[in-house]
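Accompanying notes for the structure given below.
Letters A, B, ... are given to chains in the order of the sequence lines, protein chains preceding strands, and every chain is numbered from 1. Keep in mind that the numbers below use all heavy atoms, side chains included, and drop hydrogens, waters and symmetry copies.
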Amino acid sequence: MQTIIENLQKHFQVVSYHQQRENLGFLIASKEVAVGLITHLRDYEGFAHLVLLTAVDWIEDEHFQLTYLLHHPEKKVDLGVRVMISRENAEMYSIHHLWEQARTYQRELREMFGINFPGSPDVDKPFILEGWEEIPPYRRDFDTKEYSEKTYFPRPGRETHDPAEYMKKKLYPNE
Amino acid sequence: MTKLNDILSPFTAWKHVVREPVTIKDPLNREAADRYRGFHKNDISECIGCGTCESICQNAAIDLVPVDGVETKDGDSGLRPRVDYGRCCWCGLCVDVCTTNSLSLSNEYTWVDEDPDNFRFVPGAENKSWDNREKGYKKPGNGYELYSPVRESMEELEPEQRDQSFIEIVQGYSKEQAEKEADRCVECGICVATCPAHMGIPEYIKAIRNDDLNEGLRVLYDTNPLPEICGRICTHKCETVCSVGHHGDPLSIRWLKRYIADQNPAEEYKKILNTETLQPTGKKVAIIGSGPSGLSAAHYLALMGYQCTIYEKLPAAGGMMRFGIPEYRLPYDQLDKDINYILSLGVEIKYNMTIGKDITLEELNKQYDAVFSGTGLHMGRSTRVPGTDHPEVYQAVDLLRDIVLGNEVPVKEKIVVIGGGNVAMDITRSLARLQKQKFGKVDMLTTSLESEDIMPADREEVIEAREENAVIDPGWGPVEIETEGDKVKGLHVVKCLSVFDENRRFAPKFDEEQKKFFPADMVVESIGQGMDLSYLSEEFKEQLKMDPRGRILVNDDFQTSVDWLFAGGDMIQGPDVIHGIANGHKAAMGIDKYLSDK
């Protein structure tokens, strides 16, 4: 793995590298170099398989973290490429030309996080949330509880008690 | 044009009818994976009904409901979670956050029933077939907690830095530490019932998290006008029931309170608490004693517009908080910060005024609309074993008072203290400091009837006393103080086997065979205090109803049988500061009710 990274650093700017375990490592690359770097990994280093593409909402830092997890079938190692993109007008270059299945991941990220991948086929088509009108639900500022309270009315017969209030009623009602 | 194949292919599909199916015949009998997240289990004897599972559930699938046979008591709301499986998405967050680790998920996921209401039940209280299943999802172990089980550590002076002086030991939290500690609170509110003043604990901790310390101060003053003091020396019963303490350190509630009070500057209190102008009622209340109950009553009465005058026997205010608690636990400037704010509301204190001598209770009744008495417990009790009348045998409260007043305090090279409460620790540690100053070494021995595990003193007091080189040797009953002329030789003790009988009554049992002798040239008794009601005239005492144990009888408003006299503080409840604060507050509301009806 170390030689791959050293090799990579000759061609690309790698912000940081972290070896999680023997057969798994993560590097951070800038948005601008990421697609070139991933292409290089696929075509020259042998990371032939895109395992997954996912995102994390770092709302406090005002960015999304994209993770492209790549697998090397011969060396049996995985390499995660992390890319930080701004939360505002979140957009990333598509990689559907590298792996056909990336379009599905990108369509999902578009729906769940609101990250756009211009040029990715069907990226604007609803994925699983038909008729969704809220902010994308995997964004951390989406209030799941508020949504479920608004959307799913409570079944009759339900009641709850606040522990502190209930204890006051039971133990010291006159104070 | 229709191709032949299009016509024939539906028929060729028929050949699959006789094929072995690839699906499993009866999936209902297949057990799920070992860590599958199925229906809930709850050990309701472990569960305390803190409701954290309900708060975290993003689908609002959990309600907290009373359950037959589960009692509401200190540390247990008596409620238990009921899960609505029409909403549960089996995410397991309720298990991850459960403070008592009582909640888990079994790996049972199939259950057929025609009545949809059956899919809403209280796990653990309603028997289900999966209740005894071992497999399923449990709270993951170390490193996966949703809140830290470890308390933010508090900076304290090292024993060698503190054992010669009365400088405050505990340094207080920084902003970063306080916010980190506050972050551990799950906001369940189980602690509120246990606090004698029922302080809004989750609310003020939340204010720290939001870095809104003005709001924090307002929450504190709703129920407690002495936060600098309580933030340091409260007996913090709240922490004993903290839900986070079931698997980890309880929240450091007392230090967080201190943090809020410390961070708000005294000169801004009136603005923050919106007490710059108060509407006077024109009525006057006299208060006897400036201890916690008297100050608390004065504070809340002043807010309601009453003109309060406190009559204090000693030359400074604070009662036991100043004259009982040593400065290294409660520095005078912090004590004065709380007291001066109360005085700034228009409360007046007349110092060096002894009721019955300088002014009588009857005179107070004539001059004021009501009287509150919180004269506390200031008379040290004696063990009354032979030798206690010797001049080298002292009472802890008298010595503690003399230290504060600056009077000369007798300090001998070898001192024995009798007592196992906080006052005993206070005198032990104070005398240890004075010994160190005078002789350069500490030779203190403190013994109590109670064995180590049931000593009434706060645990940290015992630990810190030992760090300061005092010897604590609990579990001995005093028999005699040996004296020779004007000198004390030491204390004879026998092993104490138990202190209370099965009815929790005081009935110590001894093993007379196991004896010990603690040599000493000075003995201090610290086994408790009684009240001094000598300020009441004999005629007045006859009007006042007492309970069989000789305590003044009061109603829920802390009103005595003489309608214009209210009483609170250690005389009535406790003894500790927070009970005094609570009953002073209640008495203030009682006085307001009495004077409004009048």
| message | Tell me whether the count of non-hydrogen atoms from other residues, nucleotides or ligands lying under 6.0 Å of CD in A/E91 goes above 12. | response | yes

| For A/M167 against B/K73, the heavy-atom pair lying closest together | CE-O, 3.4 Å

| query | Got more than 12 heavy atoms from elsewhere within 6.0 Å of CH2, A/W58? | reply | no

| query | If you measure from CD on A/E175 to OG1 on B/T223, what distance do you get to the nearest 0.5 Å? | reply | 12.0 Å

| Is A/R158 close to B/D84 at the side-chain level, that is, under 4.5 Å between some pair of heavy atoms? | yes

| Region of B/C50 that comes under 4.5 Å of a non-hydrogen atom in chain A | backbone

| task | Count the heavy atoms of every other residue, nucleotide or ligand shown that sit under 6.0 Å from OH of A/Y172, and state whether that count exceeds 12. | result | yes

| message | Is A/E165 close to chain B through its backbone or its side chain, or both, or neither, when contacts mean heavy atoms under 4.5 Å? | response | neither

| request: Compute whether any side-chain donor of one residue and acceptor of the other, for A/T160 and B/E54, lie under 3.5 angstrom apart. | output: yes

| task | Verify the neighbour count for atom NZ of A/K150: are there more than 12 heavy atoms of other residues, nucleotides or ligands below 6.0 Å? | result | yes

| said: I'd like to check A/S148 versus B/Q58 (side-chain heavy atoms, cut-off strictly below 4.5 Å). Are they in contact? | reply: no

| field | When B/D117, B/D74, B/D556 are compared by non-hydrogen pairs under 4.5 Å with chain A, the top option | value | B/D117

| request: Find the one option among B/P66, B/G49, B/G78, B/C188 whose heavy-atom pairs under 4.5 Å with chain A are most numerous. | output: B/P66

| field | Residues, nucleotides or ligands: over 12 heavy atoms within 6.0 Å of B/D68 CG | value | no

| query | Is A/N89 atom CG crowded by more than 12 heavy atoms from other residues, nucleotides or ligands, each under 6.0 Å away? | reply | no

| task | Tell me, yes or no, whether the heavy-atom count around A/Q19 atom CD, taken from other residues, nucleotides or ligands under 6.0 Å, exceeds 12. | result | yes

| request: Evaluate whether atom CD of A/E159 has more than 12 neighbouring non-hydrogen atoms of other residues, nucleotides or ligands under 6.0 angstrom away. | output: yes

| B/K586, B/R82, B/R87: which one forms the most heavy-atom pairs within less than 4.5 Å of chain A? | B/R87

| said: Tell me which of these, B/A60, B/C57, B/G189, B/G51, has more heavy-atom pairs under 4.5 Å with chain A than the rest. | reply: B/A60

| task | Counting only heavy atoms closer than 4.5 Å, note whether A/K170 contacts chain B via side chain, backbone, both or neither. | result | side chain

| request: Compare all side-chain heavy atoms of B/H198 with those of A/K168 and state whether any distance is below 4.5 angstrom. | output: no

| said: So which atom in A/L171 and which in B/T72 form the shortest heavy-atom distance, rounded to 0.1 Å? | reply: CD2-O, 3.6 Å

| remark: The interface call for B/A61 against chain A, heavy-atom contacts under 4.5 Å, is backbone

| note | From the list B/L64, B/I48, B/V192, side chain to side chain contact (heavy atoms under 4.5 Å, CB included) partner of A/P163 resolves to B/L64

